[in-house]
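Below, chain A is the first sequence line, B the second, and so on; all start at residue 1. Keep in mind it's a predicted model, so treat the numbers as computed, not measured.
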Amino acid sequence: MNVGVIVFPGSNCDHDCRHVFQDVLGQSVQMIWHKETSLTGIDAVILPGGFSYGDYLRTGAIARFSPVMRAVKAFAKDGGAVIGICNGFQILLEAGLLPGAMLRNKSLHFICKDVYVKVENAATAFTEACESGQVLKIPVAHADGNYYTDPVTLAAMQANAQIVLRYCTPEGKVTPEANPNGSLDNIAGIINPEGNVLGMMPHPERCAEDILGNKDGKLIFLSLLKAMKVKV
Amino acid sequence: MKAKIHVTLKQGILDPQGKAIEHALDSLGFKNAANVRVGKYMEVDVQETDKAKADAQVKQMCEKLLANTIIEEYRYELV
């Protein structure tokens, strides 16, 4: 599989994503500068974490206007798999590829720690290597991860099983205490109605190999490979 | 023409920064300070002499970029 990792000015998890796909999973990776206008030959797109454009105005608000985002939108519209992680999720929201918006964390703190998320929908291209209800330990690192959307959109997402990952306790209980940032409905990750675009705040690329002491995050990427019928 | 633009979180959406400031004001003894809302203030010079046209442009700027209307509201004046 040929994975395209989009690089914005201020992206800082781009090489972690490259490392996981290339060195851990043996896939070919192309780093794609945000000025590029074409995604020819790319099978899946990753919008990595970081602080694109210094988070000026709002997180993801400026990156959304990068030339490459036009190509990403077209790619997603054609059914191409897109994963936005952390800042990448924020960009997908600003670009309108996923519904909702991010508010400042309820605590106002930048939160950098392991959290637990429950796989609420294991029948997606990004979670099919997981069991339904499986609890994954994945780190978050963000100041703006407090997901918000209007009640109508939330109800539609719930009805369509678009809420893929929810913050939970280590035992898998979805409680207010397990919610690190105040996210509506403990939302940690969502997909679009078509199921080919995932946004998630936790960083699976930071926990995808044994040497890091945790490889729960690898399941997200293995799911994608499985969905794309790639043998690892 | 200059647009003076204010962007704030919509009423009803929790503003944690506003809350923190409210608590600080309370600690300072301003017991009657309530409902603090933090926002952004932007000035934009619009090269346009027709006020109606400038108004339409600024509105578009706000809708398309300066505010995220899912969570924020905006208001502006043209001077």
### Query
Any residues in residues 37-73 of chain B near chain A, with a heavy-atom distance under 4.5 Å, and which are they?
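Under the 4.5 Å heavy-atom cut-off, B:Lys40, B:Met42, B:Lys64, B:Leu65, B:Leu66, B:Ala67, B:Asn68, B:Ile70, B:Ile71, B:Glu72 qualify.
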If every non-hydrogen atom of [X] is compared with every non-hydrogen atom of [Y], which pair is closest and at what distance?
| X | Y | value |
| --- | --- | --- |
| A:Cys168 | A:Val117 | SG-C, 3.6 Å |
| A:Ile191 | A:Ala161 | CD1-O, 4.3 Å |
| A:Gly4 | A:Ile32 | CA-CD1, 3.7 Å |

### Query
Are A:Lys113 and A:Pro139 close enough that some pair of their side-chain heavy atoms sits under 4.5 Å apart?
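Sidechains of A:Pro139 and A:Lys113: no contact.
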### Heavy-atom side-chain proximity of A:His15 to A:Met31 below 4.5 angstrom
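Yes. Closest side-chain heavy atoms under 4.5 Å.
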### Task
For A:Asp150 and A:Thr153, test the side chains for any donor-to-acceptor distance below 3.5 angstrom and give the result as yes or no.
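A:Thr153 and A:Asp150 do have a side-chain donor-acceptor pair below 3.5 Å.
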Does [atom1] in [X] sit with more than 12 non-hydrogen atoms of other residues, nucleotides or ligands closer than 6.0 Å?
| X | atom1 | value |
| --- | --- | --- |
| A:Lys173 | NZ | no |
| B:Phe30 | CZ | no |
| A:Tyr56 | OH | no |

### Message
Taking A:Lys137's backbone N and O only, do any of them form a donor-acceptor pair with A:Asp216's side chain (distance below 3.5 Å, no angle check)?
### Response
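Confirmed, A:Asp216 side chain pairs with A:Lys137 backbone.
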### Task
Indicate yes or no for a side-chain donor-acceptor contact from A:Thr59 to the backbone of A:Asp55 under 3.5 Å, with no hydrogens or angles considered.
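It does not hold such a pair.
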### Message
For residues 192-201 of chain A, give me every residue with a non-hydrogen atom less than 4.5 Å from any non-hydrogen atom of chain B.
### Response
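Not one residue of residues 192-201 of chain A has a heavy atom under 4.5 Å from chain B.
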### Message
Applying a heavy-atom distance below 4.5 Å, give me the residues of residues 77-103 of chain A that approach chain B, sorted by number.
### Response
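When heavy atoms of chain B are the reference, residues 77-103 of chain A contributes A:Glu94, A:Gly100, A:Ala101, A:Met102, A:Leu103 within the under-4.5 Å range.
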### Task
Could you tell me which portion of A:Asn105 (side chain, backbone, both or neither) has an atom closer than 4.5 angstrom to a non-hydrogen atom of chain B?
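For A:Asn105, backbone heavy atoms alone lie under 4.5 Å from chain B.
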### Task
For residues 137-168 of chain A, pull every pair meeting ring-ring contact (aromatic ring centres under 6.0 Å, His included), keeping only residues two or more places apart or in separate chains.
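Listed once each, the pairs would be none.
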### Message
Assess the residue pair A:Asp185 and A:Arg166 against the criterion (salt bridge (charged side-chain N to carboxylate O under 4.0 Å, His left out)); give the C-alpha distance rounded to whole Å, side-chain angles, the decisive distance to 0.1 Å, and a yes or no.
### Response
CA-CA 8 Å; A:Asp185 203 29; A:Arg166 292 170 85 203; 2.8 Å; yes
